[in-house]
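Values below: all heavy atoms of this structure, side chains included; hydrogens, waters and symmetry mates excluded.
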Amino acid sequence: MPDRDDVERLLADLRAAGVGRGDLVALAVAPGVGLGVAAGGFGSALATAEPADAVGRIESELAPRWVWWSNETPAVLTAAGVRVARCWDLAAVHRLLFGGWRAEPSLVWAALHGLSPATIPAAGQLDLDGADDGANNAVRPDGHLRSEWVAGGWTRDPYRLARWAAAARATADLQRRRLEELPVGGDSAATARAESAAELLCVELAADGLPIDVEQAEHIIASFVGPRPRNDQDANGARRQRDAAVTALAPAGAAVDLRNPAQVRTLLAGVGIEVPDTRSWRLETRRDAHPVVDALLTWRKAERIATTYGYRWLDAHVGADNRLRGAWNASDGAAGRMTAQAGLHNLPGEMRVAVAAEDGHVLVRADLGQIEPRVLAAVSGD
């Protein structure tokens with residue numbers, strides 16, 4: 001635990017600097033080392049093995065809007081059991097301002113200072129002047145962030161934590177200024193806060209997981225692929241049995257690999273069904289044309305459960321607390337919307353009934369398709 005007197009002094013200094021509810025306070029934390037904070041012209045560091053506890057105290061007393069370079073910082077806090085209400089995520093705001101997916105501190109800093117990404121120093125690269133003077137400064141003489149700091153050197157001691165927090169605070173000010181200059185209507189800073197909140201939410205979702213009724217999930221899986229196999233031999237036997245329900249309806253003598261789209265098209269052609277591809281939505285329109293189509297669509301559902309959402313999936317991603325966990329992205333680089341791993345993003349409708357609130361809780365379901373407003377924003381230049 002951090003020394004109570006030290007935390008009280010830090011709180012008093014933040015109050016003296018005018019920090020109140022919702023005001024920006026930049027934060028850098030390193031477990032086992034301490035934390036650094038920066039607010040306006042004020043900066044300070046606290047040496048402590050458990051910096052998250054001090055952050056929790058500041059949060060409860062002042063409730064600021066925490067500024068950090070990326071969601072790696074709230075991940076440290078969340079792992080220590082500390083939750084905060086508001087943040088300004090520099091990486092998230094960078095993506096909003098400049099686009100693209102990459103948003104490491106060196107690139108965020110360079111973009112705001114008019115420095116070419118091509119001149120960002122590589123990891124381990126020495127300063128051009130060959131001297132070590134100023135190595136305790138996060139910024140190089142050429143204006144770039146030092147690669148050694150970006151690579152984690154900012155965690156070396158509390159002094160560096162304070163300097164790293166100060167750099168984050170200055171970056172937030174530049175981002176806010178850039179947002180104010182955007183030729184768009186409305187409150188662009190509100191969008192930045194919302195994007196930051198989404199990053200924070202992703203960290204908390206990954207930590208908390210989704211409540212799953214494991215018994216119900218196993219019952220659903222069994223309805224598609226049979227009981228849990230005892231070994232690989234059992235699993236292979238069940239696989240052959242599922243395949244046989246389709247291949248038995250094929251023309252006599254036809255051998256087909258159901259996992260090969262070209263061979264499936266040949267199978268369908270053999271029963272008089274010509275299709276340009278074997279997408280499920282296309283086959284749905286031909287379900288009544290021949291029994292093999294219905295069998296194939298049923299097989300596909302079972303195959304997806306068996307290979308992606310089967311017993312191994314439960315064992316790999318559902319913890320002893322019956323929570324399904326996976327990493328979340330607030331704005332996936334490919335999809336441009338919130339996505340998740342471990343099957344959370346594309347959980348089949350058949351499996352969703354296994355998502356069940358714990359006793360004393362309810363689940364509120366809502367669906368916000370983020371891709372449309374993002375596309376419209378890009379087209380309109382917002």
Side-chain angles (χ1 to χ4, degrees), residues 1-92 105 136 138 149 152-172 193 196-209 319-321 323 325 327-328 330:
M1 293 288 291
D3 184 272
R4 184 177 180 84
D5 290 340
D6 289 341
V7 177
E8 291 297 331
R9 280 193 290 271
L10 182 56
L11 273 168
D13 289 342
L14 287 169
R15 289 192 182 96
V19 173
R21 184 182 182 87
D23 292 330
L24 295 185
V25 175
L27 173 67
V29 293
V33 181
L35 74 152
V37 295
F42 168 77
S44 184
L46 177 63
T48 173
E50 300 174 350
D53 291 337
V55 175
R57 181 66 193 287
I58 298 170
E59 171 72 14
S60 64
E61 293 287 331
L62 301 180
R65 182 174 300 279
W66 297 100
V67 176
W68 44 56
W69 287 102
S70 73
N71 61 15
E72 292 181 6
T73 299
V76 171
L77 301 178
T78 301
V82 173
R83 302 296 175 95
V84 301
R86 304 170 186 82
C87 70
W88 185 280
D89 188 297
L90 298 174
N136 276 327
W149 280 62
W154 58 273
T155 66
R156 182 180 298 175
D157 54 55
Y159 172 82
R160 286 194 169 201
L161 292 174
R163 299 301 293 267
W164 195 239
R169 183 64 172 81
T171 301
R193 293 192 292 269
S196 298
E199 290 286 348
L200 178 56
L201 178 62
C202 284
V203 171
E204 295 181 344
L205 284 169
D208 293 342
D321 59 354
R323 290 273 178 154
R325 290 181 173 85
W328 290 74

Taking C-beta and beyond as the side chain, do Val76 and Trp68 meet within less than 4.5 Å on heavy atoms?
-> no
Test Asp89 against Asn71 for side-chain contact (heavy atoms from CB on, under 4.5 Å), laying out the working first.
-> CA-CA 7 Å; Asp89 188 297; Asn71 61 15; 4.0 Å; yes
Specify the closest pair of heavy atoms between Ala207 and Arg83, including all atoms of both residues, with the distance to one decimal.
-> CB-NH2, 4.4 Å
Applying side-chain contact (heavy atoms from CB on, under 4.5 Å), run through Ile58 and Trp66 and close with a yes or a no.
-> CA-CA 10 Å; Ile58 298 170; Trp66 297 100; 3.5 Å; yes
Check against side-chain contact (heavy atoms from CB on, under 4.5 Å), Leu14 and Leu62 = CA-CA 9 Å; Leu14 287 169; Leu62 301 180; 3.7 Å; yes
Where Ala162 and Ser44 come nearest, the two heavy atoms and their spacing = CB-O, 3.6 Å
Apply the side chain to side chain contact (heavy atoms under 4.5 Å, CB included) test between Arg160 and each candidate in Thr155, Val33, Asn136; give the one that qualifies.
-> Asn136
Any chance you could measure Leu200, atom CG, to Thr78, atom OG1, to the nearest 0.5 Å?
-> 6.5 Å
To the nearest 0.5 Å, tell me how far Asp53 CG sits from Leu77 CG.
-> 10.5 Å
Which heavy-atom pair separates Ser196 from Cys87 by the least distance, and what is that distance?
-> O-SG, 3.4 Å
Which heavy atom of Pro158 sits nearest a heavy atom of Ala45, and at what distance?
-> O-CB, 3.1 Å
For the residue pair Leu201 and Trp328, establish whether any side-chain heavy-atom pair is separated by less than 4.5 Å.
-> no
Does anything in residues 55-67 pair up under salt bridge (charged side-chain N to carboxylate O under 4.0 Å, His left out), and if so which pairs, sequence neighbours excluded?
-> Glu8-Arg57, Arg15-Glu61, Arg57-Glu61
State, to 0.1 Å, how close Pro51 and Gly32 come at their nearest heavy-atom pair, and which atoms those are.
-> CD-N, 4.3 Å
Got Pro105 and Leu90 here, is their nearest side-chain heavy-atom distance under 4.5 Å?
-> no
Identify the heavy atoms of Ala172 and Val67 that sit nearest to each other, and give their distance.
-> CB-CG1, 3.8 Å
Between Trp164 and Trp149, what is the ring plane arrangement, given parallel below 30°, perpendicular above 60°, and tilted in between?
-> tilted
Spatial distance of atom CZ (Arg325) from atom CG (Asp208) [nearest 0.5 Å] | 7.5 Å
For Pro64, does its backbone N or O pair with a side-chain atom of Arg86 as donor and acceptor, under 3.5 Å?
-> no
